[in-house]
Amino acid sequence: MAGKPYNFKFFLFMQKVLFTRTWNKIYIQRKASSSPHASQPDFNKYPFLGKGQGTLLNKTLMFHMEGALLKSSSVFPYFLLVAFEAGGPLRAFTLLLLYPIVCLVGKEWGLKIMVFVCFVGLKEASFSVGRTVLPKFLLEDVGNEGFDMVMKCGGTKIAVTDMPRVMVDCFLKDYLRIEYVVGRELKVVCGHFLGLMEDIKTSSGSMELEKVPREGKMDSPVIGISCFNNSLHHQLFSCCEVVYMVSEADKKNWQTLPREKYPRPLIFHDGRLALRPTPIATLFIFMWIPFGIFLLLVRAIVFFLLPYKLSILFLHFTGLRGTLIIPDDGRVSNELKQLSKEGGLLYVCNHRTLLDPVYLSMGLVQVRPPSLSLAAVTYSLSRVTELFAPIRTVRLTRNREKDSKMIEKQLQQGDIVICPEGTTCREPYLLRFSPLFAEKTDRIVPVAIDFHVSMFYGTTAGGYKSLDPVFLLMNPTSHCSATILEKLPKSYTCKGGKSKFEVANHVQALIGKALNFECTSLTRKDKYMILAGNEGIV
């Protein structure tokens, strides 16, 4: 027992010695009185930066995107997205097969392999994944702590990235408001990518640093934030007065950046993959695709052959789940039963997927006889989707006079459902509601719809719309919730003295409140101009 205190002191002594040696190896600090000819910056541990955030207010900041901003240092998921969305499933599967080699050959050669597989042969002019797909996944990977540290800087911000600049330029400049992006360019011949990157020293992306001094914005000292395994851009960070190093242990404790802190809200994005394609997730996706195609066929055949109530049970059993919410203790349900018997009821819902009217019709079986007709009025629908739709669809022409007569005719035949947004929106936002529906009737029932998928998005702006139902029904699971709100009082309709714009905005506000979605004034044209460069006419 007497020897225990000595053993404990010896343990503390050895721990101190080892800790000091390790600290000296990892964190190199240079004294202020060092030689003026020294060119190496100070290196400090990342948490030290939190104690002196005030010193960043008027200084230029250079940070390594993968190491200092993103929670995950792996860039494989972003290259997989490029391969899948821009090159197709075969290219993505090839990249997955090469992943073990990418891990073995080292960082630089692994990056070159991924760039070659993903970009070789792609057209430079039509490459839009960096603008339409990657920002969503990159924002979801931003660490809250890293973001706060970068945003504390009041001076010029310079982002350094390992990935080709074309992949992250839009994300950093448009969504994070970063002034300069330093990354390698891709070699292009005859308008097509060769799959090769420019050398770091000769890349025009690295020349961004030369623009800053000419504009007089690098007069102040440069502060750097990097990571320990950043060997590709060591020369770039040599111009920094001090560099703060982020370790993987620090990043494990980071929290995901909340949506409300996005410098620019993410409203529109494209692409088919709904989950982050890590190597394990990508392997699961390719293993699932054969089963998904089989399940797609079974779901479609059963839905067409079986009666409504039986098909609903089967679809629920296979993973397509839905929830119908009717508030006010049955009062709304009783009102809907009475109104449905009279006919001519107009259901106005937000637009999440092309199956919104189908799910609503399936849910309405609980409050109205399935024999009553329900037609879906749509602004655009692919011919394939329209051919296989289980309910009657009516295509609008965007000619106000013709569409008004069409809606009046359909209301005389029975109930209809319309999505006045004119296009789908994946994020918790509502686009501007077209006021066309408000002029036709005062029997308006708002419906709030939310939809979640597990693997594939069933909507696209730049892809093949005919494949929308295929990808949607291939999901292992999906969930649709439809909340039927109270019928609009007559005083809130055009016949009650309100203008059509007031009615449309009021319905949008009711649905937004029910879903906790934010209402916007953006339109279908805005979405397609951002994602596809056209007005979205199908």
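Note that the structure is predicted; figures quoted are calculated from it, not measured. In what follows, every heavy atom counts, from backbone to side chain, and hydrogens, waters and symmetry copies are set aside.
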Do [X] and [Y] make a side-chain contact, defined as non-hydrogen atoms from C-beta onward lying under 4.5 Å apart?
| X | Y | result |
| --- | --- | --- |
| Pro476 | Met455 | yes |
| Phe451 | His479 | no |
| Phe268 | Leu522 | yes |
| Arg91 | Leu122 | yes |
| Val453 | Thr353 | no |
| Phe314 | Val298 | yes |
| Ile178 | Val150 | yes |
| Tyr347 | Leu374 | yes |

Test your reading of the model: is there a side-chain donor-acceptor pair from [X] to the backbone of [Y], 3.5 Å cut-off?
| X | Y | result |
| --- | --- | --- |
| Lys495 | Thr441 | no |
| Asp526 | Thr523 | yes |
| Arg184 | Met197 | no |
| Glu179 | Lys157 | yes |
| His316 | Thr318 | no |
| Glu85 | Gly271 | no |
| Arg321 | Ser478 | no |
| Asp270 | Val133 | no |
| Asn505 | Phe501 | yes |
| Gln508 | Leu431 | yes |

To the nearest 0.5 Å, what is the distance between [atom1] ([X]) and [atom2] ([Y])?
| X | Y | atom1 | atom2 | result |
| --- | --- | --- | --- | --- |
| Thr477 | Leu320 | OG1 | CG | 8.5 Å |
| Phe116 | Phe79 | CZ | CZ | 14.0 Å |
| Ile444 | Leu510 | CD1 | CG | 11.0 Å |
| Asp450 | Asn516 | CG | CG | 10.5 Å |
| Cys118 | Met163 | SG | CE | 11.5 Å |
| Ile267 | Tyr429 | CD1 | OH | 5.5 Å |

Ionic contact status for [Y] with [X], cut-off 4.0 Å:
| X | Y | result |
| --- | --- | --- |
| Asp174 | Arg131 | no |
| Arg352 | Asp356 | no |
| Lys136 | Glu140 | yes |
| Lys487 | Asp442 | no |

Looking only at heavy atoms, what is the nearest atom pair of [X] and [Y], with distance?
| X | Y | answer |
| --- | --- | --- |
| Ala448 | Leu515 | CB-CG, 3.6 Å |
| Leu436 | Ile407 | CD2-CD1, 3.9 Å |
| Lys527 | Ala461 | CE-CB, 4.4 Å |
| Asn144 | Lys261 | OD1-NZ, 2.7 Å |
| Val447 | Ala482 | CG1-CB, 4.4 Å |
| Trp254 | Gly146 | CH2-CA, 3.8 Å |

Residue pair Thr460, Lys465: steps toward the side chain to side chain contact (heavy atoms under 4.5 Å, CB included) verdict: CA-CA 6 Å; Thr460 183; Lys465 286 188 170 296; 4.3 Å; yes

Neighbour count above 12 (heavy atom, 6.0 Å) for [X] [atom1]:
| X | atom1 | result |
| --- | --- | --- |
| Met151 | CE | yes |
| Phe517 | CZ | yes |
| Tyr262 | OH | yes |
| Phe93 | CZ | no |

Side-chain polar contacts of residues 279-291 - donor-acceptor pairs under 3.5 angstrom, sequence neighbours left out - could you list them?
residue	atom	partner	partner atom	Å
Thr282	OG1	Pro277	O	3.2
Thr282	OG1	Thr278	O	2.8
Trp288	NE1	Met474	O	2.7

Going through the checks in order, is the side chain to side chain contact (heavy atoms under 4.5 Å, CB included) test met by Arg276 and Ser72? CA-CA 12 Å; Arg276 180 180 173 83; Ser72 173; 3.8 Å; yes

Side chain to side chain contact (heavy atoms under 4.5 Å, CB included), that's the test. Do Tyr78 and Met114 meet it? Break it down for me. CA-CA 10 Å; Tyr78 308 113; Met114 290 190 291; over 6 Å; no

Under the side chain to side chain contact (heavy atoms under 4.5 Å, CB included) criterion, do Gln410 and Arg392 qualify, and how do the steps go? CA-CA 11 Å; Gln410 296 301 320; Arg392 187 162 52 92; 2.5 Å; yes

